[in-house]
Protein chains: 2
Amino acid sequence: MTDTRPPRADAVRNRRLLLAAAADEFAEHGLDASVADIARRAGVGKGTVFRHFATKDELIAAILIDRINELSAVGERLLDAGDPGEALCEFLTAAAQQRQERDLSFLAEASGSMREVAQARSRMTAALDRLVERAREHGAVRADITGTDVLLLMCAPNYVAGSVPDASPDLWRRYLAIIFDGLRPEGAHALPAEPPRFA
Amino acid sequence: MTDTRPPRADAVRNRRLLLAAAADEFAEHGLDASVADIARRAGVGKGTVFRHFATKDELIAAILIDRINELSAVGERLLDAGDPGEALCEFLTAAAQQRQERDLSFLAEASGSMREVAQARSRMTAALDRLVERAREHGAVRADITGTDVLLLMCAPNYVAGSVPDASPDLWRRYLAIIFDGLRPEGAHALPAEPPRFA
DNA sequence: TAGCAAGTTGACCGCACGGTCCGGTTAGTG
DNA sequence: CACTAACCGGACCGTGCGGTCAACTTGCTA
């Protein structure tokens, strides 16, 4: 009965423009980029924003889901890669690279609890879990770390490098390397706390 | 000529109350805890807040400076400790512990560029630099990391553990241990980017 | 204990935000 | 080409914020 006609051409165009403009605006001004500025940047009225996304949080969620899905695709592709240790490292590099060109990590704090975001995230963590498992079996990472550990540590290099003004755009690689060395079996010391169940 | 009389007793009491209430309120509600709520929590009128701190940012800076100075004291005390590697690890633990009981890291983003905050911070980094230098000479950490590296990585364990809901209060210790293993000379791989000059 | 400067208060201001709404516009259909 | 449902725009609303101010209170000094 729900005879859903396909959306109009200008509507799909505006939706795409809005997502892009919002991502730019959030990257520049953080979570409190205003909806009005986003609309202006997209060359569109403010009302149009709320036609496509019922609330500001829903817009944020849409951006977040897109990015998480990008990472899921990378992870799933790497599951067939040759060297499991190399594959894990590449995944972490891809994740950090995504955040380097546009840091939108703070978006999670606004809409991280939405159901659709959680779904996208669980698809990504599934891929990461398998990636870590393979690397562990292959002896590329220490035995006492879990996929969740890596998921959490994954965000650290950008976070660390992000607090340096005028930093080299490759600085995060330095901290990813240090942290990855900490994940290696060689010279590992016992860990003082249990790994977390969920993230 | 500037005959500065000592401040009144109720004024110093209110200032202390305000700093404590503000720290609590910021810890609970983040950067956009309202000045009105802070005043209410301190049992004081809103106008009193602005008598003591010209702007909200100045209040934030005052809290930040107190916390940084606490860390400086710890660092300077540890400079005389026996084992340099142990001393560095203890300093990082103290820093993480401070942030565990009350995470106020986001305060830096609001007033991190103020002159007085920068002064306090440079005192702390000086202590940390010496701590790292001693540990390096002692062979407790790898040769290619700097004090600034450690300053940046210092904040990572709480950041990482902080995104886990209902986490064990000791979870940060796990990630501090992993990162510290990454700082050790054993099994270290070459780092792909230059260390940053300033933080 | 009298006097006053320092301190306190909360009503008030201007502003910017997220979100609404309706008159005008336009893309797609028959 | 004409019709209409989907879409667009931007004036508008309520809210809550940081910050001000003038009347009032109080700790200190002489």
Side-chain angles (χ1 to χ4, degrees), chain A residues 1-26 28-64 106-107 109-111 113-114, chain B residues 1-26 28-64 106-107 109-111 113-114:
Chain A
M1 283 302 120
T2 55
D3 194 342
T4 45
R5 306 221 315 222
R8 260 164 56 168
D10 55 346
V12 313
R13 202 204 63 208
N14 279 341
R15 190 176 210 278
R16 221 181 6 243
L17 286 176
L18 272 172
L19 282 171
D24 286 345
E25 204 69 22
F26 282 127
E28 281 178 26
H29 302 108
L31 246 190
D32 34 59
S34 79
V35 174
D37 284 347
I38 291 172
R40 196 173 313 127
R41 187 165 193 147
V44 136
K46 195 161 65 140
T48 303
V49 180
F50 290 102
R51 164 161 301 270
H52 288 278
F53 307 96
T55 132
K56 187 186 180 182
D57 283 355
E58 222 170 80
L59 167 59
I60 291 173
I63 299 175
L64 213 51
F106 48 83
L107 295 188
E109 116 194 4
S111 61
S113 56
M114 287 183 56
Chain B
M1 284 300 123
T2 54
D3 194 341
T4 45
R5 308 223 311 223
R8 258 165 55 170
D10 56 345
V12 313
R13 200 204 63 206
N14 280 342
R15 190 175 210 278
R16 224 184 0 247
L17 286 176
L18 272 173
L19 283 172
D24 287 345
E25 204 69 22
F26 281 127
E28 280 178 27
H29 301 108
L31 246 191
D32 35 61
S34 78
V35 174
D37 284 346
I38 292 171
R40 196 173 312 126
R41 188 166 193 145
V44 138
K46 194 162 65 143
T48 303
V49 179
F50 290 102
R51 162 159 299 267
H52 288 278
F53 308 96
T55 130
K56 187 185 181 183
D57 283 354
E58 222 170 81
L59 166 60
I60 291 173
I63 299 175
L64 214 50
F106 49 82
L107 295 188
E109 115 193 5
S111 61
S113 56
M114 287 184 57

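Chain letters run A, B, ... following the sequence lines, proteins first and then strands; every chain starts at 1.
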Asker: My understanding is that only residues two or more places apart in sequence, or in another chain, count here; which of them pass side chain to side chain donor-acceptor pair (under 3.5 Å) with A:D24?
Answerer: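 Only A:R102 meet the side chain to side chain donor-acceptor pair (under 3.5 Å) criterion with A:D24.
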
Asker: Expressed as a whole number of angstroms, how long is the span from A:F50:CZ to C:dC17:P?
Answerer: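 After rounding, the gap between these two atoms is 12 Å.
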
Asker: Report each atom pair, protein N/O against N/O of nucleotides 12-17 of chain D, whose distance is under 3.5 angstrom.
Answerer:
none

Asker: Closer than 4.0 Å, any side-chain N/O of B:T55 to the OP1 or OP2 of D:dG18?
Answerer: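 For D:dG18, OP1/OP2 do not have a side-chain N/O of B:T55 under 4.0 Å.
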
Asker: Scan nucleotides 22-26 of chain C against the protein and return all N/O pairs shorter than 3.5 Å with their distances rounded to 0.1 Å.
Answerer:
| from | atom 1 | to | atom 2 | distance (Å) |
| --- | --- | --- | --- | --- |
| C:dT26 | O2 | A:R8 | NH1 | 3.1 |

Asker: Please report, rounded to the nearest Å, how far the P atom of D:dG18 is from the CD atom of B:E25.
Answerer: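 Roughly 11 Å, once rounded to whole Å.
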
Asker: Please name all residues satisfying salt bridge (charged side-chain N to carboxylate O under 4.0 Å, His left out) with A:D32, sequence neighbours left out, ordered by chain then number.
Answerer: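 A:D32: no salt bridge (charged side-chain N to carboxylate O under 4.0 Å, His left out) contacts found.
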
Asker: Verify side chain to side chain contact (heavy atoms under 4.5 Å, CB included) between A:R15 and A:V12, making sure each step is shown before the conclusion.
Answerer: CA-CA 5 Å; A:R15 190 176 210 278; A:V12 313; 5.5 Å; no

Asker: Under the rule for salt bridge (charged side-chain N to carboxylate O under 4.0 Å, His left out), what residues qualify as partners of A:R13, not counting sequence neighbours?
Answerer: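 By the salt bridge (charged side-chain N to carboxylate O under 4.0 Å, His left out) rule, A:R13 matches no residue at all.
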
Asker: Using whole Å, report how far CZ of B:R13 lies from P of D:dT26.
Answerer: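 Atom CZ in B:R13 sits about 12 Å away from atom P in D:dT26.
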
Asker: Whether B:N14 contacts C:dG7 is assessed here as follows: a side-chain N or O lying under 4.0 Å from the phosphate OP1 or OP2. Is that the case?
Answerer: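 No.
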
Asker: If I take atom CD1 in residue B:I38 and atom P in nucleotide C:dT9, what distance separates them, rounded to the nearest angstrom?
Answerer: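 One finds 15 Å between P of C:dT9 and CD1 of B:I38, rounded.
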
Asker: How many whole angstroms separate atom CZ of B:R15 from atom P of C:dA6?
Answerer: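 It is 17 Å, rounded to the nearest whole Å.
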
Asker: Check the distance between C:dG19's P and A:H52's NE2 and give it to me in whole angstrom.
Answerer: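 Rounded to whole Å, this separation is 16 Å.
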
Asker: Toward the 5' end of DNA chain C, which comes first, A:G47 or A:L31, by nearest nucleotide?
Answerer: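 On the 5' side of the pair lies A:L31.
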
Asker: Whole-Å distance between C:dA16 P and A:R40 CZ?
Answerer: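 These atoms are roughly 11 Å apart.
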
Asker: Please name all residues satisfying side chain to side chain donor-acceptor pair (under 3.5 Å) with A:R8, sequence neighbours left out, ordered by chain then number.
Answerer: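 A:R8: side chain to side chain donor-acceptor pair (under 3.5 Å) contacts with A:D10.
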
Asker: For B:S113, which residues count as a side chain to side chain contact (heavy atoms under 4.5 Å, CB included) partner, sequence neighbours excluded?
Answerer: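 Listed in chain order: nothing, the list is empty.
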
Asker: With nearest nucleotide decided by heavy atoms, which residue, B:D57 or A:V44, maps closer to the 5′ end of DNA chain D?
Answerer: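 Final value for this comparison: A:V44.
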
Asker: Pairs under 3.5 angstrom only: tabulate donor-acceptor contacts from the side chains of residues 45-57 of chain B to other protein residues two or more places apart or in another chain.
Answerer:
| from | atom 1 | to | atom 2 | distance (Å) |
| --- | --- | --- | --- | --- |
| B:T55 | OG1 | B:D57 | N | 2.9 |
| B:K56 | NZ | B:L31 | O | 3.1 |
| B:K56 | NZ | B:A33 | O | 3.1 |

Asker: List the residues meeting side chain to side chain contact (heavy atoms under 4.5 Å, CB included) with A:A22, not counting sequence neighbours, and say none if there are none.
Answerer: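 Expected list: A:F26, A:I38, A:L59, A:I63.
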
Asker: Please report, rounded to the nearest Å, how far the P atom of D:dG18 is from the CG atom of B:L18.
Answerer: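 Atom CG in B:L18 sits about 14 Å away from atom P in D:dG18.
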
Asker: Counting the atoms with a prime plus P, OP1 and OP2 as sugar-phosphate, which does B:V49 contact under 4.0 Å by heavy atoms, base, sugar-phosphate, or nothing?
Answerer: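 Since no nucleic acid heavy atom lies under 4.0 Å of B:V49, the category is nothing.
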
